[in-house]
Amino acid sequence: MIGLLLLLSASAIFAFGHECRNRKFPSGTVCVCNSTYCDTVPSINVSHGNYQVYSTSKSKPGFYCEIGSFINNTTVAANEITVNPSVKYQTIIGFGGAFTDSTGININSLPAAAQKKLIESYFSENGIEYNLCRVPLAGTDFSTRAYSYDDVPLDTNLSKFSLQPEDFNYKFGLLHHG
Ligand SMILES: *[C@@H]1O[C@H](CO)[C@@H](O)[C@H](O)[C@H]1NC(C)=O
Ligand SMILES: *[C@@H]1O[C@H](CO)[C@@H](O)[C@H](O)[C@H]1NC(C)=O
Ligand SMILES: *[C@@H]1O[C@H](CO)[C@@H](O)[C@H](O)[C@H]1NC(C)=O
Ligand SMILES: *[C@@H]1O[C@H](CO)[C@@H](O)[C@H](O)[C@H]1NC(C)=O
Ligand SMILES: *[C@@H]1O[C@H](CO)[C@@H](O)[C@H](O)[C@H]1NC(C)=O
């Protein structure tokens, strides 16, 4: 067990990476990307004794990053955090998103360079580094029509089983990108 009695100092603000170019809507704020510009996620670069905090909020949208340092001050009451690095309680396989037909339709509607920026903001080291994708089989509530891979009535041996245009137009290309 490591008992830490450390205080967080007032943190310094570091604006590195590409900032969120925000645009306000009645329902909230978004970060706007285009063919040449997209905000990035500041990488983790923290030295011993420091910490790095990422946050997002109405007033500071995007990935807002602050770096601060721990103070070792035993003379004041502090929150005590006990860390036992030899015990793991959770296994995380990764994080990701869904490649639905709607995803493909919307991404395909962008200029090619903006599509690249969008994919990068999800999957690259400058982005949120997704490493998982959920790919729906056939149609979902995010499709423009209801379909399966065999809509031929009574084809019980699935002899007409086949991928659909949506797979080729919306899913495979993006998955290849990602
Ligand atoms: C793309 O966004 C950047 C940053 O907001 C802006 O300077 C540039 O003019 C935009 N380009 C186009 C083609 O809209
Ligand atoms: C990490 O931060 C240090 C300063 O704290 C800086 O000199 C260095 O270039 C940074 N490295 C990267 C990869 O950003
Ligand atoms: C904090 O300071 C005390 C007293 O100087 C020292 O014994 C302890 O090792 C320090 N802890 C850390 C994490 O630096
Ligand atoms: C520790 O905290 C006390 C009380 O707030 C303060 O007077 C002192 O300067 C602090 N010491 C350090 C090394 O920050
Ligand atoms: C599937 O069923 C149809 C009609 O019942 C039959 O004509 C066809 O030969 C079958 N195909 C296979 C691969 O078993």
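Counting starts at 1 for both ligands and their atoms, following the listed order.
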Trainee: Phe99 vs Phe123 aromatic rings, parallel, tilted or perpendicular, using cut-offs 30° and 60°?
Mentor: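 Ring orientation of Phe99 relative to Phe123: parallel.
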Trainee: Ignoring hydrogens and angles, state whether a donor on the side chain of Asn34 or Thr36 is under 3.5 Å from an acceptor on the partner side chain.
Mentor: yes
Trainee: Heavy-atom contacts with Tyr37 under 4.0 Å: which atoms of ligand 1 show up? List them by number with element.
Mentor: 2 (O), 3 (C), 4 (C)
Trainee: What protein heavy atom sits nearest atom 1 (C) of ligand 1, and how far away is it?
Mentor: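 Its nearest protein heavy-atom neighbour is Asn34 ND2, 1.4 Å.
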Trainee: Taking all atoms of both residues into account, what is the closest heavy-atom pair of Asp101 and Glu166, and its distance?
Mentor: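 For Asp101 and Glu166, the tightest heavy-atom pair comes out as OD2-CG, 3.4 Å.
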Trainee: For ligand 1, which atoms, with element, lie under 4.0 Å from some heavy atom of Thr36?
Mentor: 1 (C), 11 (N)
Trainee: Please confirm whether Arg21 comes within less than 3.5 Å of ligand 1 when only nitrogen or oxygen atoms on both sides are compared.
Mentor: yes
Trainee: Search all heavy atoms of Pro61 against all heavy atoms of Thr29 and return the closest pair with its distance.
Mentor: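 The answer is CG-CG2, 3.9 Å.
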